[in-house]
Every structure is written in C-alpha cells, then in structure tokens.
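Worth knowing before you read on, the calculation uses all heavy atoms, side chains too, and leaves out hydrogens, waters and symmetry mates. In listed order, ligands and their atoms are each counted from 1. Count residues from 1 along the sequence.
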Amino acid sequence: MVTSRHTYVVLLGAPGAGKGTQAERLESELGLPHIATGDLFREALKKETPLGLRAKSYMDQGLLVPDDVTVGMVRERLSKPDCAGGALLDGFPRTVEQATALDALLAEAGASVTVVPYIKVSTETLLARLAGRWVCPKCGAVYHMLYKKPANDKICDVCGTALYQRADDTPETQRKRIDVYFQETAPLIEYYASKGLLVEVDGERDIEQVHDDLLAVIRDAMDRAG
Ligand code: AMP
C-alpha cells in the first residue's frame with residue numbers, strides 16, 4: 001500500500017546534470033534527507049572503511065561500484081530514523097538492477113517511489129559543467145567556476161573550507177562516467193516512464209529555473225499521492 005507518509009524522490013540525470021546542486025536546496029524545502037550515494041562512498045573512502053576501500057578502484061576509473069555493495073549501503077542509510085518520511089535520492093539507482101532492488105526495499109516498508117524527475121542536459125553541457133566543478137570537502141556544497149562561483153576564490157561560502165576538484169573529475173574519467181551513464185543508467189528513463197513516474201525537466205537552463213520546475217513537479221506528485 002502506498003501512503004502519503006512516505007515521499008521517495010529519485011533524481012535522475014547524467015553526471016553534471018545538476019542533481020547535487022538541486023538536491024542541496026530541495027532538501028530543506030521539502031524536509032527530506034538528501035541521500036547521494038557518491039557522497040556516501042567518498043565519506044567511507046575518507047574514513048578508509050572496508051566499504052570505502054572497496055569502492056575506490058571503481059570510482060577512480062569512473063566505473064560503477066557493484067550493485068550488491070551499493071544496494072547494501074543504501075538499505076542501511078534508508079533504515080536511519082531521518083528517512084522515516086522518505087528521501088531525496090541522488091545518484092541512486094544507477095542500474096535497472098538497483099531500481100528493482102529499491103522497489104523491493106521500499107515495498108517492505110509499504111512504500112514506493114513517488115516521482116522521478118529527469119534532469120535532461122546535452123553531453124556538451126555535461127562536459128563543460130564537470131570541467132569547472134569544485135566541491136567543499138567538509139559540507140559537500142558544489143560550485144562552478146563559471147556558473148556558480150563562490151564569493152571568495154575557492155573557499156566554501158557555507159563553511160569557509162578550501163574547495164577541491166574531485167579525483168574523478170579528470171577529462172578521461174568524466175568521459176568514462178558519461179559513457180557508463182548512457183549504457184547503464186539511461187535505461188532507467190524507460191523503466192520509470194513505463195511506470196508513469198518520470199517527469200522530464202529541462203536542465204540546460206539556469207539553476208533557479210530548474211529548481212522552480214523541480215519543486216513544482218515534486219510537490220504536485222506529493223499532492224497526488226497524498
Ligand atoms: P557521483 O558523486 O554520483 O558522481 O558518484 C561518484 C562515483 O561513485 C561514481 O562514478 C561511482 O563510481 C560511484 N557511485 C555513486 N553512486 C553509485 C551507484 N548508485 N551505483 C554504483 N556506483 C555508484
């Protein structure tokens with residue numbers, strides 16, 4: 001049974017489409033925790049946990065971490081009390097196998113995916129965005145040296161920490177991640193469209209416009225579910 005007690009939003013889009021940037025804002029507006037599997041892996045890597053060390057070689061090459069590892073990590077994260085009302089998923093699912101695992105996992109809690117906004121962006125734009133991306137290692141805020149500059153040179157506006165470029169944001173790895181996206185993740189567009197859950201949002205526009213569209217799409221789905 002699907003109830004309005006749960007809202008699970010799957011943000012779909014290629015690396016560089018703007019999922020993280022948008023999720024940062026939506027998190028507080030919707031009161032849903034932002035769960036980014038890439039951030040969870042990077043945190044585990046920083047702490048040198050077995051999970052982090054296992055994920056490292058895949059991440060460094062721009063490849064996907066195996067589904068069993070990723071699904072196990074998400075299962076654990078979704079069982080935390082802050083996810084009682086749902087979550088904003090960013091970077092998960094990334095394969096059809098992960099999507100079916102998510103469906104099964106939510107079904108155990110009497111829930112299901114509420115809506116899947118698909119942030120659509122051309123490959124050219126993706127590469128330009130990934131090339132200028134700088135990230136805060138402390139709070140995870142995402143910047144772009146052309147489109148979303150920090151107020152002070154390479155210092156996080158939120159917490160004052162020095163920004164860095166992700167190790168997997170080199171040109172070769174970016175290409176690889178986009179190829180992997182088209183092969184493994186793009187089939188999810190059809191998967192969610194066939195379930196009537198996909199809503200396309202034009203991600204080529206500026207951050208504010210994309211945000212407004214996403215918020216409207218998600219609120220509309222929440223109203224219909226509730
Ligand atoms: P992201 O920050 O979402 O771009 O993710 C960075 C890297 O973490 C990816 O290139 C993958 O190596 C790994 N990763 C993140 N999410 C997933 C996922 N759902 N499945 C498999 N690997 C993932």
Top protein contact for atom 4 (O) of ligand 1, by heavy-atom distance: R166 NH2, 3.1 Å
Sub-3.5 Å N/O-N/O distance, D168 and ligand 1: no
Note: K80-D82 ion pair, threshold 4.0 Å (strictly below): no
Sole residue of D67, D103, T185, T37 in side chain to side chain donor-acceptor pair (under 3.5 Å) with Q98: D67
L40 side chain reached by I35 side chain, heavy atoms, under 4.5 Å: yes
Nearest-neighbour protein heavy atom for atom 16 (N) of ligand 1, which is reported as residue plus atom name and distance: T37 OG1, 2.8 Å
Proximal atoms of ligand 1 relative to T70 (non-hydrogen, under 4.0 Å): 18 (C), 19 (N), 20 (N), 21 (C)
Distance from atom 22 (N) of ligand 1 to nearest protein heavy atom, with residue and atom: V65 N, 3.0 Å
Shortest protein heavy-atom distance from atom 20 (N) of ligand 1, along with the residue and atom involved: Q98 NE2, 2.9 Å
From R177, R94, E184, K19 - option closest to atom 1 (P) of ligand 1 by heavy atom: R94
Which residue and heavy atom of the protein sit nearest atom 19 (N) of ligand 1, plus the separation: G91 O, 2.8 Å
Heteroatom proximity flag, L64 to ligand 1, N/O under 3.5 Å: no
Backbone of V69 reached by a side-chain donor or acceptor of R54 within 3.5 Å: no
Minimum side-chain heavy-atom gap L197-S112 below 4.5 Å: no
Distance-minimising heavy-atom pair for V115 and A221: CB-CB, 3.5 Å
Proximity flag R42 to ligand 1, non-hydrogen atoms under 4.0 Å: yes
Side-chain donor/acceptor of R129 to backbone N/O of A17, under 3.5 Å: yes
Nearest non-hydrogen protein atom, atom 23 (C) of ligand 1: F41 CE1, 3.7 Å
Heavy-atom side-chain contact between Q209 and D212 under 4.5 Å: no
Which residue and heavy atom of the protein sit nearest atom 11 (C) of ligand 1, plus the separation: L63 O, 3.4 Å
